[in-house]
Participant: 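Encoded as structure tokens, here's the structure I'll be asking about.
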Amino acid sequence: MPCCFQSFCCCRFSRAYKYLSICAVLETSCSQVCSQCCACSARPRRTGMPAVAGSLYMASQKKGVPLLPRPPVRPLPVINLSRLTMDSASRALAVQDIVSACRQRGCFQVVSHGISKSCMKGALEAASEFFQLSTEHKEEFASDDIRQPIRYDTSSRDGISMSRSFLKHYANPLDDWIKFWPTQPPTYREKMGKYAVETQRVSMQLMEAILQGLGLGPLYLQEKLEGGVQFMALNNYPQSASKTTDEIGLAPHSDYGFLTILLQSSPGLEVMHHDDDAWTPVPAIPGALHVHVGDHLEVLSNGQLKSLVHRAVLNLIESRISIASIHGLSMDEEVHCAEELVDEHHPKMYRGSSFQDFLNFLPANMNKYKRFVESLRIDKP
Ligand SMILES: O=C(O)CCC(=O)C(=O)O
Ligand SMILES: [Fe+2]
């Protein structure tokens with residue numbers, strides 16, 4: 001009988017997240033632990049184990065009493081998206097997996113999504129080359145006006161995300177927005193444009209699956225989603241200067257849209273599930289994309305799905321790029337709780353709002369709520 005369970009190693013000393021095996025009986029690590037993984041046992045809550053279980057485990061360690069069994073870690077779901085286009089039984093199972101992951105964890109990773117590795121690599125290269133340009137080139141896009149079609153900034157509104165620089169722009173429909181994008185590096189428009197079109201396609205596939213899984217039907221909102229906003233945030237973080245403490249690259253928040261699809265060059269993204277109070281690191285699995293639920297999907301689903309609080313920590317061994325692609329309805333289109341999901345037992349939980357409303361909300365409420373959606377709750381003042 002196997003004595004070990006496996007999960008991704010939570011220590012960020014290892015470039016690739018290697019497999020960590022812990023013997024459930026003896027509480028010792030097996031040989032597959034990455035060489036510097038002592039950081040894991042010193043900080044068990046980084047594995048994403050529930051807080052109470054984590055502190056009991058720590059207390060038993062401190063007192064020198066026989067160790068309590070370490071609560072099992074819950075690996076983040078990895079979903080093979082090609083099943084959505086197979087036979088109807090495979091599609092039904094994939095839809096179920098996607099909706100369960102959204103309900104239980106608020107996020108999952110996708111593989112076999114049809115975006116080639118060279119396309120993903122191209123997008124990361126384009127972003128990296130942009131951030132390497134001279135300040136003069138980048139400052140052509142500098143602005144703290146959140147309504148600009150494109151903006152580059154290094155400052156932090158939350159007072160926390162001090163070391164991050166970013167470039168943000170819109171992408172769907174591409175012909176409307178690409179003219180605002182950088183012309184340096186020369187391949188930026190081609191590489192980022194290709195990736196943007198592909199992520200928009202994957203977002204449509206995912207939304208169809210989620211809407212089907214919620215019982216709303218795959219074609220629900222289809223036209224509005226096709227013409228919806230795709231907002232891209234390219235984030236550039238330096239390598240961490242501290243080997244012992246977590247340095248925050250981007251403060252905890254949730255994203256406003258239905259879905260965010262995120263590509264990261266190396267680990268640094270951390271998530272907090274709605275039923276947890278510990279940070280879970282998201283491994284950078286080669287070829288995979290991370291997907292999470294945004295505020296407007298929480299509204300649409302009338303609270304059946306919860307938007308995911310996440311943050312970025314600085315990577316200990318290298319500088320890091322992430323590309324977040326946020327998908328929602330068009331700028332002025334309001335998102336409401338789906339009527340089909342409202343009844344006498346499930347009263348409407350949120351008021352309607354649009355992307356414009358989110359932009360209005362941002363400057364005044366930045367440090368008041370972790371999530372825009374909290375300000376939309378009908379039972380809250
Ligand atoms: O850098 C990351 O991993 C997170 C980025 C993010 O959350 C965002 O741009 O909204
Ligand atoms: Fe985000």
Side-chain angles (χ1 to χ4, degrees), residues 8 10 12 17 76 105-110 120 123-124 127-128 130-131 146 150-158 160-171 192 195-196 199 203 229-240 246-274 279-285 288-298 306-328 355 358-359 361-362 366-367 369-374:
F8 280 108
C10 63
R12 288 177 293 114
Y17 275 57
L76 293 170
R105 314 298 295 276
C107 68
F108 52 95
Q109 301 217 36
V110 286
M120 291 162 65
L124 288 172
S128 167
F130 172 82
F131 289 118
I146 56 173
I150 180 163
R151 69 189 189 98
Y152 168 76
D153 206 348
T154 53
S155 71
S156 146
R157 284 163 184 280
D158 56 29
I160 300 173
S161 319
M162 307 300 285
S163 50
R164 175 181 74 135
S165 52
F166 63 80
L167 181 71
K168 293 184 175 181
H169 56 57
Y170 296 89
M192 199 58 72
Y195 178 70
T199 39
S203 82
V229 164
Q230 178 183 17
F231 182 68
M232 298 184 85
L234 285 54
N235 304 295
N236 180 40
Y237 307 93
Q239 180 184 355
S240 171
D246 282 341
E247 285 185 283
I248 306 300
L250 179 56
H253 67 284
S254 61
D255 298 333
Y256 92 92
F258 287 139
L259 284 183
T260 296
I261 301 179
L262 188 130
L263 171 61
Q264 49 178 348
S265 64
S266 56
L269 175 65
E270 297 194 337
V271 300
M272 187 179 282
H273 307 300
H274 66 91
W279 290 106
T280 299
V282 175
I285 304 173
L289 290 165
H290 164 89
V291 179
H292 61 237
V293 172
D295 290 353
H296 270 161
L297 192 49
E298 178 167 338
K306 299 275 186 267
S307 74
L308 183 78
V309 175
H310 55 286
R311 69 176 188 178
V313 294
L314 302 189
N315 189 289
L316 294 170
I317 57 168
E318 59 190 3
S319 60
R320 172 174 178 267
I321 302 267
S322 72
I323 304 178
S325 179
I326 300 176
H327 301 264
F355 183 47
F358 170 69
L359 293 180
F361 157 91
L362 263 188
M366 189 68 179
N367 297 323
Y369 301 99
K370 267 192 239 159
R371 305 184 304 148
F372 166 54
V373 71
E374 290 167 16

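In each ligand, atom 1 is the first atom listed, and ligand 1 is the first ligand listed. The chain is numbered in sequence order, starting from 1.
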Participant: List by chain and number: which residues place a heavy atom under 4.0 Å from ligand 1?
Facilitator: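 Protein residues near ligand 1 are A233, N235, Y237, L250, H253, D255, L262, L269, H310, A312, R320, S322, A324.
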Participant: Identify, with sequence neighbours excluded, every residue that meets side chain to side chain donor-acceptor pair (under 3.5 Å) alongside S319.
Facilitator: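 Scan of S319 (side chain to side chain donor-acceptor pair (under 3.5 Å), adjacent residues dropped) gives none.
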Participant: For salt bridge (charged side-chain N to carboxylate O under 4.0 Å, His left out), just list the numbers for R371 and D255, CA-CA rounded to whole Å, side-chain angles, deciding distance to a tenth of an Å, and then say yes or no.
Facilitator: CA-CA 8 Å; R371 305 184 304 148; D255 298 333; over 6 Å; no
Participant: Would one find an N, O or S atom of H253, in either backbone or side chain, under 2.8 Å from the Fe ion (ligand 2)?
Facilitator: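 A backbone or side-chain N, O or S atom of H253 is under 2.8 Å from the Fe ion (ligand 2).
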Participant: Who are the side chain to side chain donor-acceptor pair (under 3.5 Å) partners of S128, not counting sequence neighbours?
Facilitator: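 Applying side chain to side chain donor-acceptor pair (under 3.5 Å) to S128 gives Q132.
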Participant: When you compare the side chain of N315 with that of S240, does any pair of heavy atoms fall below 4.5 Å?
Facilitator: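 They are not in contact (no side-chain heavy atoms under 4.5 Å apart), so the answer is no.
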Participant: Answer yes if the ring centres of Y256 and F372 are under 6.0 angstrom apart, and no otherwise.
Facilitator: no
Participant: The criterion is side chain to side chain donor-acceptor pair (under 3.5 Å); which residues satisfy it with D295, sequence neighbours excluded?
Facilitator: S254, S307
Participant: Test of geometry: compute the angle NE2(H310)-the Fe ion (ligand 2)-OD1(D255) and round it to 10°.
Facilitator: 100°
Participant: Within the 4.5 Å heavy-atom criterion, are M232 and I326 side-chain neighbours or not?
Facilitator: no
